[in-house]
J.: 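First the structure, which I've put down as structure tokens, then a few questions once you've had a look.
Quick note: numbers below take in every heavy atom, side chains included, and nothing from hydrogens, waters or symmetry partners. Fair warning: this is a prediction, and the values are worked out from it, not measured in the lab.
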2 protein chains.
Amino acid sequence: MFRIGEFSLIAQVSGRLLRYYDEIGLLSPEYTDPQTGYRYYSAAQLPHLNRILVLKELGLGLDQIARLLSQGASSEEIRGMLLLRKAQITQAMQDGLDQLHLVEARLDQMDAFGQTPVLDVVVKAIPSQRYLALREVFPDVASVRRLVVHMTTIVPHKMPASSLGQIAFVVHSRMFDPDALDFEVGFLLTGNPGNSGKTPTAFQLSEERVLTVHDLPAVEMMATLVHVGSITDIHRTYGLLGAWVEQQQWQIVGQGRQVLLQLPQPGHDDAVIELQIPVSKAGTPYLQQDM
Amino acid sequence: MFRIGEFSLIAQVSGRLLRYYDEIGLLSPEYTDPQTGYRYYSAAQLPHLNRILVLKELGLGLDQIARLLSQGASSEEIRGMLLLRKAQITQAMQDGLDQLHLVEARLDQMDAFGQTPVLDVVVKAIPSQRYLALREVFPDVASVRRLVVHMTTIVPHKMPASSLGQIAFVVHSRMFDPDALDFEVGFLLTGNPGNSGKTPTAFQLSEERVLTVHDLPAVEMMATLVHVGSITDIHRTYGLLGAWVEQQQWQIVGQGRQVLLQLPQPGHDDAVIELQIPVSKAGTPYLQQDM
DNA sequence: CTTGACTCTGACGTTACGTCAAAGTCGCAT
DNA sequence: ATGCGACTTTGACGTAACGTCAGAGTCAAG
């Protein structure tokens, strides 16, 4: 029988580890002195410890190891766990590869743009949300702005303000053409989409313009980039976002969106707009609606 | 200004995350009401948050991100961190690949051996240790055993028992030849190797046999396998260990060792012996001494 | 019997948050 | 004015697998 120090020397593991495995019931010493609490391990426990160490090297968690060892697991169960672990490792390596590409892309960007602050494109999932808007083809940007101003002065007085969210555009134009902007313009609404009944489904803005409510579909992967500054510069930021998506070799699926997070104060160029482009990794095209 | 709930919706991160980043000083809201503690975020903080999220996706720790953002880091520093991170990912992927091979090897073993309990070869580093032993070519296993018995009856009375460790063999035979066993036989000694002065450097066992003290070199990678049972079966376990090393496509560097962890009780086949083979990954040959 | 070496339990630190819990706040509707 | 539901606050605990003390008890040799 070895005391914990000698046993830890033999096995080349720390004493703390042995105490820990004892505590969680993974490997208890063959004998524990009830008076002093001293742990005494037998040589025959070394194979047991070694099995634990090997399984740990395979990346299994201690809880799984405990299950495999204590309760006699059938070899089919063990096979299952190993196959699962194999899949996990494969997944982790794929993730590592993706991350490597991201890091390299950022390094390339730094080399190419020099001191220019690097873009921070964030890909995130966007849930479905209700949308009070109208669709129109605008002749120029100024008319869009006028409509926005008009809406912001009218709508909040006629709606429960609590459910009114940001102003957002949905860009239906295929390509950016400053003379024919096929946009949806309106408000994002808070509250669960789909549950109509409380809020009206339409809203008369003026003689010829009617806002209607519908749901914007959820998007699993939305590439987003925040534009700060003058609205007139927005197409440059948009181009950067597009270039980034292209560099990732992803596909654009569906319509882009623009969310006005901060209207520019008169005399300042401090608008904040989040540009959004729904994407998917190549090979898994997405439902394209409104085509 | 957005309250935390709305800001978390916009950015699609949890409120808890925002509070946490505030707590660790990574991203504090633009204004915090001193009365109520309510946090108010501005739209202009979204790019800041996005930068944090992107750097996090690259696998950087929050502490590193904080350094990069708060204290204006030069682009050279940033490059350095990204390059470092790249190396880390590469390393992690290599580790993943190794682990994948281990898992696959174990699956193959299970398929090949069926119900046979899989071997648990553990690779570990062995530190240098002092060794009181003699080298001899033994005509058979029985004579080795007689010497061991003799040593265990004589030596402990003449030595400070506290410094006496396990009995160990160093196998100098190139190949296993049961008629010419070129073994070192002796005791491992506790205490720092190299510091002689307290223990004698030699020990007269009998007329013609002298035990001398020297240091067994440290081994960075020692493949070990514990044999339990009759000593006469040990060559099979040894073969399994050798086959395992071969399957890993590693090289054997230096002499194997055998550490007697438990002498067999008379009438029982319950010896416990750890077999050790120093190895190195192919391509990085090791110092082979005693050649 | 006195050291010095060893061992015990218990607690805290690690990473980046998720998940309650109890109490305070806000805004809207009565 | 008041009540209510939705929101927010701080604080604490949990996560995985141990490393690292701290303070107190134990063992073996001289």
J.: Would you say D:dG19 has OP1 or OP2 under 4.0 Å from some side-chain N or O of A:Y20?
T.: no

J.: Can you find a heavy atom in the side chain of A:K86 that is under 4.5 Å from one in the side chain of A:L82?
T.: no

J.: Once you measure the plane-to-plane angle for A:H214 and A:Y131, does it fall in the parallel (<30°), tilted (30-60°) or perpendicular (>60°) bin?
T.: perpendicular

J.: Where the side chain of B:Y21 is defined as all heavy atoms beyond and including C-beta, which of C:dC8, C:dC17, C:dG24 is the nearest nucleotide?
T.: C:dC17

J.: If only side-chain N and O atoms of B:R39 are considered, is one of them under 4.0 Å from the OP1 or OP2 phosphate oxygen of D:dT9?
T.: yes

J.: In this structure, how many angstroms lie between the P atom of D:dT10 and the CD atom of B:E23, rounded?
T.: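 Going from B:E23 (CD) to D:dT10 (P), I get 9 Å.
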
J.: How long is the line joining CZ of A:R16 and P of D:dA22, in whole Å?
T.: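 For the pair A:R16 CZ and D:dA22 P, the rounded distance is 16 Å.
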
J.: Starting at the 5' end of DNA chain D and moving along, which residue's nearest nucleotide shows up first, A:D33 or A:K56?
T.: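 Counting from the 5' end, the first nearest nucleotide belongs to A:K56.
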
J.: Nearest whole angstrom, please: distance from the P of D:dC18 to the CG of A:D63.
T.: 12 Å

J.: More 5' along DNA chain C: A:G5 or B:L17, using each one's nearest nucleotide?
T.: A:G5

J.: Under 4.0 Å: is that the gap between some side-chain N or O of B:S14 and OP1 or OP2 of C:dG18?
T.: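 For B:S14, the contact criterion (side-chain N or O under 4.0 Å from OP1 or OP2 of C:dG18) is met.
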
J.: What integer distance in Å separates A:L53:CG from D:dC18:P?
T.: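 Taking atom P of D:dC18 as the reference, CG of A:L53 is at 9 Å.
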
J.: Side-chain contact test, heavy atoms from C-beta onward, threshold under 4.5 Å: evaluate it for A:K124 versus B:L53 and give yes or no.
T.: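 They are not in contact (no side-chain heavy atoms under 4.5 Å apart), so the answer is no.
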
J.: Take the protein atom CG of B:L18 and the nucleotide atom P of D:dT8, then report the distance between them rounded to whole Å.
T.: 10 Å

J.: Tell me: CG of A:L62 to P of D:dT15, nearest whole Å?
T.: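 Answer to the nearest Å: 13 Å.
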
J.: Quick one: label B:G61 by what it contacts on the DNA or RNA (base, sugar-phosphate, nothing), any heavy atom closer than 4.0 Å.
T.: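 Contact class for B:G61: sugar-phosphate only.
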
J.: Could you tell me if the side chain of A:R51 sits less than 4.5 Å from the side chain of A:V54, heavy atoms only?
T.: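 The answer is no, as the side chains (C-beta and beyond) never meet within the 4.5 Å cut-off.
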
J.: Output the rounded distance in Å from CD1 (A:I52) to P (D:dA17).
T.: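 Rounded to whole Å, this separation is 12 Å.
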
J.: At under 4.0 Å, does any side-chain N or O of B:R19 touch on OP1 or OP2 of D:dC7?
T.: no

J.: Under 4.5 Å between any side-chain heavy atoms of A:E30 and A:Y41, yes or no?
T.: no

J.: Verify the contact: side-chain N or O of A:R3 to OP1 or OP2 of C:dC6, cut-off strictly under 4.0 Å; return yes or no.
T.: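 It does not, given that no N or O in the side chain of A:R3 lies less than 4.0 Å from OP1 or OP2 of C:dC6.
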
J.: So what does A:Y40 hit on the nucleic acid, given a heavy-atom distance under 4.0 Å: a base, only sugar-phosphate, or nothing?
T.: nothing

J.: Give the rounded distance in Å between these two atoms: CD of A:E6 and P of D:dC27.
T.: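 So the two atoms are 16 Å apart, to the nearest Å.
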
